[in-house]
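Here is the naming used below: chain letters follow the sequence lines, and residue numbers restart at 1 for every chain.
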Amino acid sequence: MRKNILPRKFYSRNTLKVARELLGCFLIREYRGKIWRGMITETEAYHGEDDLASHASCGRTARTEIMYGESGCAYVYMIYGMYHCLNVVTEKKDFPAAVLIRSAKIFRRPTPKKTKISDVYLDGPGKLCKFLKIDRKLNKWDLTKGEKLWIERPAQNCAKRNIVAGRRIGVDYAQHCREYLWRFSINL
DNA sequence: AGATTGATCCAT
DNA sequence: TGGATCAATCTG
């Protein structure tokens, strides 16, 4: 049981590689006795202090400290006063980086079982967190523990097929970094 | 294109 | 302590 949890060494690598390989992985949320399970379909990489789109571009603060911390932990922040965004910390300790989980397809029934109830496609980090009851209480949560919130390996590796790369969303202020093709998605 | 909404950060 | 800023979403 739960032997497919992504280990810390998965996260403790190059952020772009992690962002690509998270596509097709299963995001799992356990909350008040219920378990939601879904496939990650869209991610964005935020990598290093040189990345002007990253919160870490201004260095260490109380808020960004988590991005410098142990990989495999959640970085959850509130944005625009209304929404939360879920990120997973990557790279070695003291290098600030994370992958934003933007979209996922949430299964409303166990995967193999055919059902008339449609799955939920959560396109957008705010909607994703709202549906999965993810807020700042999960900031700094260790995703390798396999409790409350974790990620499991995909049935098949999507990294080598069907990945679309594009500009990151909402980072027009980030000068030349806005051009980076650091957003990755797979078509369902 | 505008309104919403609150944590964060830094200059007072 | 005040105000500008913001990796979003919905409405029209």
Side-chain angles (χ1 to χ4, degrees), chain A residues 11-25 27 29 31 36 38-91 94-106 108 118-141 143 149 151 163-188:
Chain A
Y11 300 104
S12 187
R13 298 180 299 150
N14 175 268
T15 313
L16 301 183
K17 186 170 281 190
V18 174
R20 298 178 78 102
E21 293 187 17
L22 278 174
L23 296 173
C25 288
L27 177 66
R29 171 67 165 133
Y31 178 77
W36 289 277
M39 182 185 291
I40 296 171
T41 55
E42 185 183 8
T43 60
E44 280 180 5
Y46 290 86
H47 183 258
E49 293 180 348
D50 293 339
D51 178 6
L52 298 179
S54 171
H55 288 171
S57 62
C58 296
R60 287 183 188 252
T61 66
R63 179 207 214 184
T64 60
E65 186 64 32
I66 181 68
M67 294 185 75
Y68 293 78
E70 190 113 71
S71 71
C73 292
Y75 169 34
V76 182
Y77 60 87
M78 173 167 268
I79 189 66
Y80 300 118
M82 285 177 251
Y83 298 101
H84 297 273
C85 291
L86 170 65
N87 301 249
V88 296
V89 176
T90 60
E91 302 279 346
D94 293 322
F95 186 92
V99 173
L100 171 67
I101 310 295
R102 285 196 63 89
S103 304
K105 182 181 179 182
I106 304 297
R108 304 187 71 176
S118 58
D119 297 332
V120 191
Y121 182 52
L122 301 169
D123 53 337
K127 287 159 72 174
L128 179 73
C129 286
K130 187 176 179 185
F131 184 92
L132 293 178
K133 308 278 192 268
I134 294 170
D135 60 27
R136 292 174 20 129
K137 290 195 286 292
L138 283 168
N139 192 30
K140 305 182 182 181
W141 185 255
L143 300 177
L149 183 66
I151 304 176
I163 292 184
V164 180
R167 287 185 188 173
R168 293 173 292 179
I169 303 296
V171 297
D172 289 346
Y173 59 88
Q175 300 175 38
H176 63 282
C177 297
R178 60 183 273 177
E179 311 294 340
Y180 294 175
L181 303 179
W182 285 4
R183 181 164 63 96
F184 306 103
S185 57
I186 49 175
N187 296 316
L188 299 179

>> Using the rule given for side-chain contact (heavy atoms from CB on, under 4.5 Å), can you reason through A:Phe184 versus A:Val164, listing the C-alpha separation, both sets of side-chain angles and the distance that settles it, and then say yes or no?
In response: CA-CA 6 Å; A:Phe184 306 103; A:Val164 180; over 6 Å; no
>> Pairs counted only when both distances fall under 3.5 Å, Watson-Crick or G-U: show me the 5' to 3' dot-bracket for DNA chain B, [ ] for pseudoknotted crossings and | for other-strand partners.
In response: ||||.||||||.
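Base contact: A:Gly81 has a heavy atom under 4.0 Å from a base atom.
If A:Tyr80 and A:Arg136 are placed on DNA chain B by their nearest nucleotide, the residue sitting closer to the 5' end is A:Tyr80.
Residues A:Glu42 and A:Ser103 bring a donor and an acceptor atom of their side chains to less than 3.5 Å of each other. For the residue pair A:Ser57 / A:Glu49, no side-chain donor-acceptor distance below 3.5 Å is found, with atom types taken as modelled. For the residue pair A:Tyr75 and A:Glu65, no side-chain donor N or O sits within less than 3.5 Å of a side-chain acceptor on the partner.
Taking the centre and axis of the six-membered ring of A:Tyr173, the NZ or CZ atom of A:Arg178 falls outside the cone set by 45° and 6.0 Å. In this structure, A:Arg136 is not positioned above the aromatic face of A:Tyr77 in the sense of NZ or CZ being under 6.0 Å from the six-membered ring centre and within 45° of the axis.
Listed for the A:Thr64 side chain is no donor-acceptor partner under 3.5 Å among the backbone atoms of A:Met67. A donor-acceptor pair under 3.5 Å is formed between the side chain of A:Thr43 and the backbone N or O of A:Ala19.
Rounded to an integer number of Å, the gap from CD of A:Glu65 to C1' of B:dC9 is 16 Å.
Protein chain A contacts DNA chain C over a range whose 5' and 3' limits, counting nucleotides with an atom under 4.0 angstrom from a non-hydrogen atom, are C:dC6 to C:dC10.
Within residues 49-63 of chain A, the residues that have a heavy atom under 4.0 Å from DNA chain C are, in order of number, A:Ala53, A:Ser54, A:His55.
The environment of CG in A:Asp50 is sparse: at most 12 heavy-atom neighbours from other residues, nucleotides or ligands sit within 6.0 Å.
Taking the six-membered ring for Trp, A:His47 and A:Tyr180 have ring centres at least 6.0 Å apart.
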